> 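Here you go, one structure.
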Amino acid sequence: MKKIPALFYQRKDVLLIAKQLLGKILVTKFNKTETSGRIVEVEAYAGATDKASHAYMGRRTARNEIMYAEGGHAYVYLCYGIHHLFNVVTNYKDIPHAILVRALEPVSGIEIMLDRVGKEKLDNTLTRGPGNLSKALGIFTKHSGVSLQSDELFITDDGFRLKKDQILASPRIGVDYAGDHALLPYRFYIKGNLFVSGKPK
DNA sequence: GAGTAGATCCTCT
DNA sequence: GAGGATCTACTCA
């Protein structure tokens with residue numbers, strides 16, 4: 001499978017990229033063990049104009065420095081002292097846009113993922129929610145800043161295509177503190193997919 | 001089934 | 001020193 005080229009991420013419309021990431025395969029290959037999952041849920045964070053973003057109003061710190069890099073890098077950080085959140089940096093250099101990957105549908109290395117999470121059998125909690133999927137794929141803060149063109153962390157396209165009516169938008173999750181911006185429909189997910197967070201159907 | 005509290009630690013002020 | 005791009009478990013109905 002071919003990695004998605006860096007140019008895919010280096011475009012201005014973070015919402016468009018977020019939608020196009022749905023259905024792609026996120027792959028990690030650490031210590032020669034490969035695990036992967038199809039992206040079924042994402043959230044866009046539109047940098048300086050987005051209250052919910054770490055880079056709101058152009059904030060720039062050691063932690064979010066990677067958001068200012070050119071598109072095609074991973075931004076990983078720890079939330080609530082427990083959960084690792086995996087983001088894809090997008091747009092051009094110095095424009096801190098990012099896409100948070102919230103949920104995956106397991107594709108390969110499922111037993112390895114179960115082992116990492118400490119579960120016995122596959123269920124829809126394995127890769128549902130950003131904290132869980134990072135754990136399942138073995139992603140930690142030390143992977144922040146890794147290029148998605150590297151061989152241990154990348155995204156591929158296996159030819160899977162979604163119809164327009166399979167993509168739904170909704171307000172983002174867990175960003176109530178962002179006031180009005182918490183209501184922006186920047187979350188995209190695949191209709192009816194079991195691994196999308198929220199209430200199971 | 002729905003709502004709420006607790007866990008737990010890194011980062012910025 | 002405070003708070004956060006979350007998840008789980010437990011309570012109550």
Side-chain angles (χ1 to χ4, degrees), chain A residues 9 14-15 17-19 21-22 26 37 39-69 71 73-91 95-106 113-114 116-146 148 153 155 168-189 193-201:
Chain A
Y9 309 103
V14 65
L15 298 179
I17 301 171
K19 276 185 268 194
L21 275 178
L22 289 176
L26 174 63
I39 297 170
V40 299
E41 183 181 357
V42 296
E43 284 179 10
Y45 284 85
T49 62
D50 188 342
K51 270 187 202 170
S53 169
H54 292 155
Y56 177 56
M57 294 293 284
R59 272 191 311 224
R60 186 166 186 158
T61 65
R63 178 176 70 163
N64 68 17
E65 176 66 29
I66 191 64
M67 293 181 82
Y68 289 83
H73 290 81
Y75 172 46
V76 185
Y77 99 100
L78 185 66
C79 183
Y80 292 88
I82 306 174
H83 304 290
H84 295 270
L85 275 63
F86 171 75
N87 302 252
V88 176
V89 177
T90 67
N91 216 309
I95 302 182
H97 286 191
I99 297 169
L100 170 66
V101 179
R102 290 190 52 85
L104 301 175
E105 176 183 333
M113 290 194 272
L114 289 173
R116 281 177 181 147
V117 181
K119 285 184 188 295
E120 293 289 318
K121 61 178 182 182
L122 179 64
D123 63 23
N124 67 359
T125 65
L126 178 62
T127 51
R128 190 177 71 165
N132 291 336
L133 83 85
S134 301
K135 195 173 176 187
L137 287 178
I139 296 173
F140 302 102
T141 50
K142 69 174 184 177
H143 299 117
S144 193
V146 170
L148 295 179
L153 178 59
I155 299 174
L168 298 179
S170 83
R172 291 172 295 187
I173 294 177
V175 293
D176 296 341
Y177 67 89
D180 300 346
H181 291 198
L183 301 175
L184 292 172
Y186 280 5
R187 170 173 173 253
F188 302 99
Y189 59 99
N193 190 287
L194 274 180
F195 292 90
V196 171
S197 59
K199 42 189 167 184
K201 292 181 181 173

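Naming convention: chains lettered A, B, ... in sequence-line order (proteins, then strands); numbering from 1 in each chain. Computed from a predicted model, the values in this text were never measured in an experiment.
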> Would you tell me if any nitrogen or oxygen in the side chain of Asn64(A) comes within less than 4.0 Å of OP1 or OP2 on dA5(C)?
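For Asn64(A), the contact criterion (side-chain N or O under 4.0 Å from OP1 or OP2 of dA5(C)) is not met.
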> For dA2(B), give its Watson-Crick or G-U wobble partner with both distances under 3.5 Å, or none.
dT11(C)
> Just the rounded figure in Å: distance from P of dG3(C) to OH of Tyr77(A).
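Going from OH in Tyr77(A) over to P in dG3(C) covers 15 Å.
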> Looking only at side-chain atoms of Ile82(A), point me to the closest of dT6(C), dT11(B), dA7(B).
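My answer, after comparing the listed nucleotides, is dA7(B).
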> Any side-chain N or O of Arg59(A) less than 4.0 Å from the OP1 or OP2 oxygen of dT11(B)?
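It does not, given that no N or O in the side chain of Arg59(A) lies less than 4.0 Å from OP1 or OP2 of dT11(B).
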> Check whether any side-chain nitrogen or oxygen of Tyr80(A) sits under 4.0 Å from OP1 or OP2 of dG3(C), and answer yes or no.
no
> If we check side-chain contact (heavy atoms from CB on, under 4.5 Å) with Ile99(A), which of these qualifies: Leu15(A), Leu21(A), Val89(A), Ile39(A)?
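Filter result, single survivor: Leu21(A).
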> Backbone N or O of Leu194(A) within a donor-acceptor pair of the Arg128(A) side chain at under 3.5 Å?
no
> Starting at atom CG of Asn124(A), determine the distance to atom P of dT8(C), rounded to an integer number of angstrom.
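The answer, rounded to whole Å, is 10 Å.
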> Donor-acceptor pair, distance only, cut-off 3.5 Å: does the side chain of Arg187(A) make one with the backbone of Glu43(A)?
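No.
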> Starting at atom CG of Leu184(A), determine the distance to atom P of dA5(C), rounded to an integer number of angstrom.
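Nearest whole value for this atom pair: 15 Å.
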> Taking the side chain of Asn132(A) as its heavy atoms from C-beta onward, which of dT8(C), dT11(B), dT6(C) lies nearest to it?
dT8(C)
> Looking at dT8(B), which nucleotide sits across from it as a Watson-Crick or G-U wobble partner, both distances under 3.5 angstrom, or is there none?
none
> Arg172(A) side chain to Ala44(A) main-chain N or O, any donor-acceptor pair under 3.5 Å?
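Confirmed, Arg172(A) side chain pairs with Ala44(A) backbone.
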> Just the rounded figure in Å: distance from P of dC7(C) to NZ of Lys119(A).
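Checked: the NZ to P distance equals 12 Å.
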> How many Å lie between CZ on Arg60(A) and C1' on dT11(B), as a whole number?
17 Å
> Side chain of Leu78(A) only, heavy atoms from C-beta on: which candidate in dC12(B), dC10(B), dT6(C) is closest?
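Selected nucleotide (nearest to the side chain): dC10(B).
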> Distance check: side-chain N/O of His54(A) vs OP1/OP2 of dA5(C), anything under 4.0 Å?
yes
> Out of dC7(C), dT11(B), dA5(C), which nucleotide sits closest to the side chain of Arg63(A)?
dT11(B)
> Starting at atom CG of Leu85(A), determine the distance to atom C1' of dT11(B), rounded to an integer number of angstrom.
15 Å
> Round to the nearest Å and state the distance from His83(A) atom NE2 to dG6(B) atom C1'.
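Going from His83(A) (NE2) to dG6(B) (C1'), I get 11 Å.
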> Students often get this wrong, so: under 4.0 angstrom with heavy atoms, is Phe86(A) touching a base, only sugar-phosphate, or nothing?
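It contacts nothing in the nucleic acid.
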> Starting at atom CZ of Arg172(A), determine the distance to atom P of dA5(C), rounded to an integer number of angstrom.
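Roughly 11 Å, once rounded to whole Å.
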> Going by distance alone, is a donor N or O of one side chain under 3.5 Å from an acceptor N or O of the other, for His54(A) and Asn64(A)?
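Result is no, nothing qualifies.
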